[in-house]
Amino acid sequence: MSISPKVTPIYQTSVFTFEDLNALEAYFQEPGQHYMYTRYGNPNSEELAQEINKLERGAGAVVTSSGMSAILTAVLVYAQAGDHVLCAEEIYGGSSSLLSNELTRLGIEVTYVPTADIFSLEGHVRENTKLLLAETISNPMMTVMDLAQLAQVCQRKGLKLVVDNTFASPILTRPLELGADLVIHSVTKYLSGHSDVTAGVVISKAEADSTRAAQIMRTWGLNLSPFESWLGARGLKTLKLRMREHSSNAQAVAEFLEQHPKVQAVFYPGLFNHPQHAMAKQQGNGLCGGMLSFRIADDAEAVNRFMHALTHIPFAPSLAGVTTSLSYPLGTSHRGLTKEQQEKMGITVGLIRLSVGIEEAEELIADLGKALEAI
Ligand SMILES: Cc1ncc(COP(=O)(O)O)c(C=O)c1O
């Protein structure tokens with residue numbers, strides 16, 4: 001009897017057996033055809049990596065235990081003690097903590113580039129600068145980065161461009177095609193899509209960078225478990241459908257919020273008044289994703305009343321699941337910034353971030369409308 005499952009089974013094993021010395025030799029001669037130890041490689045993590053690599057059109061991908069370990073891997077591919085890295089100032093708080101609090105202790109210096117200087121990098125590049133880290137769409141103000149322009153300046157300055165493509169997903173944007181060298185994702189978000197996985201991925205334009213990323217993943221022990229890999233691969237199968245639905249729902253919700261008298265401002269690239277609207281549409285393949293932020297009165301009690309009055313939308317400080325949730329940047333992701341930094345970025349008491357899911361848009365709008373009336 002031969003068993004051939006349609007779906008890859010979960011190889012929930014930490015180690016693989018060998019028949020004899022010839023089988024061991026085959027493992028070393030034909031990498032990717034055989035497995036030895038799950039930290040080095042496992043069919044489930046390989047499947048997830050290969051599927052994401054196809055979507056991002058890379059030369060190779062490595063999955064990791066989290067988005068954070070993907071960022072760590074990406075930086076270590078290009079930088080070592082004595083090197084300097086640049087980072088866009090509008091960046092996920094965990095990325096800046098990793099760079100400022102941890103990698104500096106290993107001798108890697110970091111400078112944050114103000115948004116106004118990002119396309120010139122004037123005065124920020126040193127002889128030992130190796131890379132620039134930036135996000136396709138920033139959190140929580142949804143600033144969209146012109147990646148082709150950024151890649152050009154990086155090339156001129158001899159820097160590698162590392163792009164965190166988490167908020168966009170490869171359905172909207174493929175940074176490698178626009179000139180980036182490495183792409184990372186928190187697979188925890190859209191790629192998995194169901195709020196039940198913590199994972200990351202590094203995708204490379206050059207095969208040699210992928211080999212190096214795999215070495216770092218194995219040696220630092222940043223591997224992803226077989227079950228999380230399996231869940232990720234399963235989620236990925238519906239990514240395209242989900243991104244279309246996230247985007248059309250977010251557009252409808254943004255348009256609703258924009259005209260509501262209790263809403264002072266809406267930040268969504270799909271709105272005409274968004275500063276990068278035209279570029280975002282073009283770079284996003286006509287889609288703007290499911291993330292948006294909006295501002296109500298800068299009054300914590302009003303925010304609490306709004307949260308209490310929602311029936312279907314929970315306050316959950318993550319994003320990109322199939323069901324809608326909201327987050328509060330001032331109290332979660334951007335809590336560690338100084339008051340001046342928060343104000344400069346527009347992160348005020350009344351700023352709420354929505355991760356718009358794939359429910360019926362009318363239901364979401366009804367829930368939001370009811371809660372806005374309650375403030
Ligand atoms: C843009 C972005 N990059 C990276 C991360 C880190 O990912 P993880 O939580 O999977 O480690 C996050 C987490 O929220 C994120 O939003």
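Start at 1 and go down the list; that is how both ligands and their atoms are numbered.
For His246 and Tyr190, the gap between ring centers is short of 6.0 Å.
Here Arg242 does not pair with Glu245 in a salt bridge; the nearest charged N to carboxylate O distance is not below 4.0 Å. A salt bridge links Glu343 with Lys339: the distance from a Lys NZ or Arg NE/NH1/NH2 to an Asp or Glu carboxylate oxygen falls below 4.0 Å. The existence of a salt bridge linking Asp367 and Lys370 is confirmed by a sub-4.0 Å separation between a basic side-chain nitrogen and an acidic carboxylate oxygen.
With respect to Tyr78, the side-chain hydrogen bond (donor to acceptor under 3.5 Å, both in side chains) criterion is satisfied by exactly one of Asp83, Asp209, Asp181: Asp209.
Counting only heavy atoms from C-beta outward, the side chains of Tyr112 and Leu86 never approach each other to under 4.5 Å.
Sorted by chain and number, the residues within 4.0 Å of ligand 1 by heavy atom are Ser66, Gly67, Met68, Ile71, Tyr92, Glu135, Asp164, Thr166, Phe167, Ser186, Thr188, Lys189, Ala199.
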